[in-house]
Amino acid sequence: MVDYDKAAKIFYSPLDGAMFGLLLIAAAHPRIGWMPVEPPPQRLALAEWIMDHPADWNAASVIAGQALDLPIRERFALWRAAHEAGERLAPYRPNADVATLRAGLFHWHEMSPADRHMLLDLAVPLLHDEGMFRLMAKPLWDLTHDIALLRRAQPHNLESLTMLESLAVTNGRFSDYRQLRGEAARARASAFEARKRKASPGEILASLPPTLRTSDIPLVKSALVELARRPIEALPGVSGDGPIDFAVRQNLQPLDGLIDLARQAGTASDPNRARLALQLGNPELAASIELTSLTLDPHAWIRYRVERALFEAKRGDARGAEMQLSRAAAGSATVPIDVLAFAASIATNQHAEAAVERYRTELAARFGGRIAPEAWLGLCEKDICYSAKADVWAGDRRTLTITIETVQSDEVPPYVEIFSDDALLAEGPVLGRTGFALALTPGLHRIEIRVANPTTRNLMHRRVKVSEATF
């Protein structure tokens, strides 16, 4: 049996002195190149080469990358020895262990526990690099299922956190997912603050997450302040619908920097552009957008019309408010819940107690009990694949219980997040048939159910359905 440790010591003892001498010579003569001549690729020739050039760390790395594929009994010992040679000859070169690691990962299932431990020790420093993490994180997860290792080794930027967040929720690591979700939100805010002064207005808007929640309000406010300092002039390829809808619904300020989104057709949907103009106190621009719009679906304009009705009521135009409410209800077999809720708000502003009570009674009768299945929008046929939304009215009974059941999944259950007016109120895995209780304040609320892991590891759609939703 060959004692490889003893052989290595015998080999490297004289080599250390020789390498130090070479270092002094190179320091005295800068024209001497550091990179070795490219060794020949043939395996036998490579063995002969390294016998003649024992200080060639590049050749040692090549051997480390090829050793485990050689048809010899001592291939693992050769792999270890080649790796050790490369490390001793050039310990500070970047990505020194890539060849060793790549070869070891391809032969992971043949590795001893000690060799696997060594490989993971080699992987951690490499994963600090953004590009290496992007390439290696998923293969390492497939081999180890060690999310703690990946979280420890990641470069801690938004991309790596988002990648790990998706990896965790897809594979049922829900506690890690919740933590990573918060870390990603903080990283997004930190990255925005660091570069907002240099970012163009279009880049500022594009940096906002595609789905905005109340937890994103500080980020959106910061973006609005920055945009007010240097307003948007053009946004090629960037949609302003999400930020406009969120800012108007949450009554965020300042909106002055978004004025050109209202003025320029194509930057957002016409109803949202009109809503923005109204929020900016420019009803004439809102009316102009409405009159020239090619969006003919009356349902697309409901939220604008009820907001316009409230705008008219606040400035004392009761007739204008009633006309907008009437137009919002036009074309619908039943008066939309938005219209009734805003009508109650308008009546309150006008101190019409009898009208308020009438509206509230109708809202409670029609929308305050069980939520009908057809009230949910965004379904895949009758199921939820990604998300579904419904407007509800909370009266005296303010606890909404939503029962969700699994329709299609793998061994990892669907994980749902339930929002009310963009605020996360309940979340958790759907284990067969699961109930979620939401405590709501009186009034109108937009409920959204989102499947956080919509696809399985085999890219099959997970599906859930709302079997019951009652107050």
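If you're wondering where the values come from, they're calculated on a predicted model, not measured in any experiment.
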- Backbone N/O of Asp421 and side chain of Gln250: donor-acceptor pair under 3.5 Å: yes

- Determine yes or no for a side-chain-to-main-chain donor-acceptor pair under 3.5 angstrom, with Arg273 supplying the side chain and Ala262 the backbone. yes

- Message: Would the distance check show the side chain of Thr267 and the main-chain N or O of Leu261 forming a donor-acceptor pair, the cut-off being under 3.5 Å?
- Response: yes

- Message: Using side-chain contact (heavy atoms from CB on, under 4.5 Å), reason through Trp108 and Arg116 one step at a time and then give a plain yes or no.
- Response: CA-CA 7 Å; Trp108 176 264; Arg116 289 184 179 183; 3.6 Å; yes

- Presence of salt bridge, Arg134 and Asp129, under 4.0 angstrom: no

- Gln279 vs Glu307 side-chain heavy atoms within contact, under 4.5 Å: no

- For His156, does the NE2 atom have more than 12 heavy-atom neighbours from other residues, nucleotides or ligands under 6.0 Å away? yes

- Message: Within the 4.5 Å heavy-atom criterion, are Pro254 and Val225 side-chain neighbours or not?
- Response: yes

- Message: Going by the rule salt bridge (charged side-chain N to carboxylate O under 4.0 Å, His left out), which residues pair with Arg457 if we only count those two or more places apart in sequence or in a different chain?
- Response: Asp410, Glu411

- Query: Are the side chain of Thr170 and the backbone of Ser166 linked by a donor-acceptor contact shorter than 3.5 Å?
  - Reply: yes

- Message: What I'd like to find out is whether the side chain of Ile147 reaches to under 4.5 Å of the side chain of Trp141, using heavy atoms alone.
- Response: yes

- Query: salt bridge (charged side-chain N to carboxylate O under 4.0 Å, His left out) with Glu312: which residues, sequence neighbours excluded?
  - Reply: Arg308, Arg315

- Query: So, do His107 and Arg75 sit near enough that their side-chain heavy atoms are less than 4.5 Å apart?
  - Reply: yes

- Query: Ion pair present between Arg229 and Glu226, side-chain N to carboxylate O less than 4.0 angstrom?
  - Reply: yes

- Determine, for Glu165 against Arg178, whether the closest basic-nitrogen to carboxylate-oxygen distance falls under 4.0 angstrom. no

- Got a salt bridge between Glu374 and Lys382, using NZ or NE/NH1/NH2 to carboxylate O under 4.0 Å? no

- For Glu427, the salt bridge (charged side-chain N to carboxylate O under 4.0 Å, His left out) test, sequence neighbours excluded, returns Arg181

- Query: Under the side-chain contact (heavy atoms from CB on, under 4.5 Å) test, which residues partner Arg188, sequence neighbours left out?
  - Reply: Leu158, Pro209, Leu219

- Item | Any Phe133 side-chain heavy atom under 4.5 Å of Lys138 side chain | no

- Task: Please say whether more than 12 non-hydrogen atoms of neighbouring residues, nucleotides or ligands are located less than 6.0 Å from NZ in Lys196.
- Result: yes

- Message: Side chains of Gln154 and Leu164, heavy atoms from C-beta outward: is any pair under 4.5 Å?
- Response: yes

- Task: Decide, yes or no, whether a salt bridge links Glu448 with Arg213 under the criterion of side-chain N to carboxylate O below 4.0 Å.
- Result: yes

- Could you grab the distance from atom OG1 of Thr401 to atom CZ of Phe471, nearest 0.5 Å is fine? 9.5 Å

- Item | Ionic contact status for Asp245 with Arg303, cut-off 4.0 Å | no

- Ion pair check, Arg151 and Glu183, cut-off under 4.0 Å: yes

- Which residue pairs pass the ring pair (Phe, Tyr, Trp, His ring centres under 6.0 Å) test when at least one of the two sits in residues 240-261, sequence neighbours left out? none

- Query: Under 4.5 Å between any side-chain heavy atoms of Arg80 and Thr100, yes or no?
  - Reply: no

- Partner residues of Thr295 under the side-chain contact (heavy atoms from CB on, under 4.5 Å) criterion, sequence neighbours left out: Asp270, Pro271, Ser293, Ala300, Trp301

- Task: State whether the side chain of Gln408 and the backbone N or O of His461 hold a donor-acceptor pair below 3.5 Å, judged by distance alone.
- Result: yes

